[in-house]
Structures are given as C-alpha cells and as structure tokens.
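Take a look at the structure set out below.
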Amino acid sequence: MIAPVPDLWSVHARLARCYGAQTKWWPGRENPFEVIAGAILTQRTTWTNAGRAIRRLREAGVLTVDAMAALDVDELAELIRPSGFYRAKAGALKAFCDLLGRSFGGDLRRLLRLPTEALRAQLLTVRGIGDETADAILVYAAERPSFVIDAYARRLLGRLGIADPNDSYRSLQGRFMDALPREAELYADAHALIVRHGQLHCRAEPMCAGCPLRDVCASCAATSHVEGTKA
DNA sequence: AACCAGGAATGTA
DNA sequence: TACATTCATGGT
C-alpha cells in the first residue's frame, strides 16, 4: 500500500489540529533584537543552551544593539559559551551590529523597514547568517512571510514524498510558499509546528507510534509492523 | 561513552 | 553543483 502524497496545506491543518496553535513558540518575541540574537545562538543547538546564552547576555546588560556593539568580541564569546560554536556566533552577532552601525545608523527599526527581499539580502551579507537564520529573523522579528526551512522541514518533505531533502533551500522553501498563503503569522505557526512534530516524531531516528501523519508518512508506514497495527 | 541537536562558511573536484 | 570538514556545548 503506497501512502498518498498529501498537500502541505492539509499537512499544516493536521499538525495544527494535533498540537494546537504555536503562537507563543519563539521565546522573547516582543523584542526584535532578542529574536535576532536567538536566531543566531540557536543554530545547531537546543533552545535550552541558546536560552542560557540569552539569559547571560541579558544579565550582563548587553542584550541591546548599543551595548553589544560596544562589547569586546572575546567577552561576548565568553558570555554565549553555553550555546556552542561560541566564537563563530560571537562574530556573527558583532557582524550584525556592525552592519547596523555602518548602514542604518545603529537603528534596528530602520533595517527592519526594508522591503522583504532587500532585508533578506542585507541579513545574508552578515557572516554567520545563512538562509535559515535570515528567514527566522524575517518571520519572527520582521513579521514577513518567508518560510523557514530547517532539518525537520527537509526531513518532513522527504518522508511525505513531496520533495528530495537534499534539494536546494530555495526550492524546498518554494514548496511551502506555493502551497500556503503568504502570511507571516501562518509561517511562524507552521515552522513551530514542524519543529514540534519533528521533535516528537520526525527525527533522524523516527518515533512513529502515535504520529499524526502516520497514514501519509513513508517512514511510519515502514515501521507499522513494529506497532502491530495491521492496516 | 558515543551520539545527537532547529547551521554556516570554506575548500576541493 | 556536490561533498567533506570545521566550529563546541550539553543532554541522553
């Protein structure tokens, strides 16, 4: 029995029904600079570790553009150590502050007012900010509809038979953006749902028992005999 | 005690 | 374009 290939809109609906709306998923979303710092600090690490780094920055009083711009990179690196890759991430944070100072008078709001594609391009000039981080910033700090593709999203597309996980970032992003209305809050919710679902079921080592996408997931179908659920 | 987690940059062919 | 390597901490 071949699982039918679902459309992404119905997948989102099913994840939303299963896990509920994820409106408060990104920590500290009220503060754009904190979102940007978080987007960099959470690269290839858990939010537990990124959260520690954020907390240390706040406690040191350097979770603002001006304070961070004035801080020595090595001290910054030391503060964010718990998030891993701390030298690279300190460099990225500083590079972002430099961009603000150099081109936007140190005013984050001015940067965030740029048209979406121009803003994305500016973010990508920062060493340490790539496609995923740029889109996370666009969605969660600038409230623009630019779909975030992460390891979970790639995996999901692959297991649903919608796309090859190794396809280019932009290509995979297009799959979502062609299927879902281009609304920032929807994309914020959808990305959060994908992560949530990924952490529960769609990992490198899948945990298919109770997966809400069972009937359309190749990985789940392959493990159905283990569950004893005979179609 | 190996293995993994919500990436990105760089180098090579 | 495709693939390997490097960066690093913390939880299981």
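Distance A:Lys89 NZ to C:dG10 P: 11 Å, rounded to the nearest Å. The nearest whole Å value for the distance from the CE atom in A:Met207 to the P atom in C:dT12 is 13 Å. Nucleotide B:dA5 holds its P atom 17 Å from the CZ atom of A:Arg196, rounded to whole Å. We find that CD of A:Glu78 is positioned 13 Å from C1' of C:dA8, with the value rounded to whole Å. Atom CG in A:Asn49 sits roughly 12 Å away from atom C1' in B:dC4 (whole-Å rounding). In this structure, A:Arg154 atom CZ and B:dA8 atom P are separated by 10 Å, rounded to whole Å. When the C1' atom of C:dT9 is taken as reference, atom CH2 of A:Trp47 falls 16 Å away, rounded to whole Å. We find that CG of A:Leu123 is positioned 12 Å from P of B:dA8, with the value rounded to whole Å.
Here the side chain of A:Gln22 pairs a donor or acceptor atom with the backbone of A:Gly20 at under 3.5 angstrom. At distances below 3.5 Å, at least one donor-acceptor pair connects side-chain atoms of A:Tyr140 with backbone N or O atoms of A:Ala188.
Here the separation of C:dT5 from B:dC3, taken at their P atoms, is 16 Å to the nearest Å.
Under the 30°/60° scheme for interplanar angles, the aromatic rings of A:Tyr19 and A:His197 are found to be tilted.
A 4.5 Å side-chain heavy-atom check between A:Val11 and A:Leu213 finds at least one atom pair inside the cut-off.
Position along DNA chain B of the nearest nucleotide to A:Pro27 versus A:Gly128 favours A:Pro27 as the more 5'-ward residue. If A:Thr46 and A:Arg127 are placed on DNA chain B by their nearest nucleotide, the residue sitting closer to the 5' end is A:Thr46. Comparing A:Arg52 and A:Phe85 by the nucleotide of DNA chain C whose heavy atom lies nearest to each, the residue mapping closer to the 5' end is A:Phe85.
When heavy atoms are screened at a 4.0 angstrom cut-off, A:Glu205 is found touching no nucleic acid atom at all. A:Ile40 comes within 4.0 angstrom of no nucleic acid atom, judged by non-hydrogen atoms across all strands.
A:Tyr169 and A:Asp135 share a donor-acceptor pair across their side chains, judged by distance under 3.5 Å alone.
An OP1 or OP2 oxygen of C:dT9 is reached within less than 4.0 angstrom by a side-chain nitrogen or oxygen of A:Arg81. Regarding contacts with the backbone of C:dA8, a side-chain N or O of A:Arg87 is found under 4.0 angstrom from either OP1 or OP2. Note on A:Thr133: a side-chain N or O is less than 4.0 Å away from OP1 or OP2 of B:dA8.
Each of B:dA5, C:dA8, B:dA8 was ranked by its minimum atom distance to the side chain of A:Glu132; first place goes to B:dA8.
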